[in-house]
Amino acid sequence: MAAIVRPVEEKDCQLLWEWRNAEHIRQCMIRDEYIEYHNHLEWFKRMLQDTQRVNLMYEVDAHRLG
């Protein structure tokens, strides 16, 4: 089993949006409304450019888990 932690990349945008909008995740959020993809995309682009943030993706055997 190969586990890695790597920086978030553009290819992760869709999956992060799907995770954030999953019903069981939204039930745990302070702001639990559904997020439209175009709004998520704008946020995601800003997030990638923010040098004050560290955004990581955890993978096991090339499966993104968190």
At what distance, to the nearest 0.5 angstrom, does CG of L41 lie from CD of E36? 12.5 Å
How about E23: does its CD atom have over 12 heavy atoms from other parts shown lying under 6.0 Å from it? yes
Is there a path of hydrophobic side-chain contacts, each under 4.5 Å between heavy atoms, that joins I4 and M1? no
Under a single-linkage definition using a 4.5 Å side-chain heavy-atom cutoff for Ile, Leu, Val, Met, Phe, Trp and Tyr, are Y37 and I35 assigned to the same hydrophobic cluster? no
On a heavy-atom basis, which atom in R6 and which in K11 lie closest, and how many Å separate them? NH2-CE, 3.6 Å
Taking all non-hydrogen atoms of both residues into account, name the closest pair between D12 and P7 and its distance. OD2-O, 4.4 Å
Within the structure provided, determine whether R26 and R20 are in side-chain contact (heavy-atom separation under 4.5 Å). yes
Nearest non-hydrogen partners of Q52 and D50, listed with the distance: N-OD1, 2.8 Å
Rounded distance [0.5 Å steps], CG in N55 versus CD in E9: 12.0 Å
Share the residues that join F44 in a hydrophobic cluster, the rule being Ile, Leu, Val, Met, Phe, Trp or Tyr side chains under 4.5 Å apart at the heavy-atom level. V8, L15, L16, W19, W43, M47, L48, M57
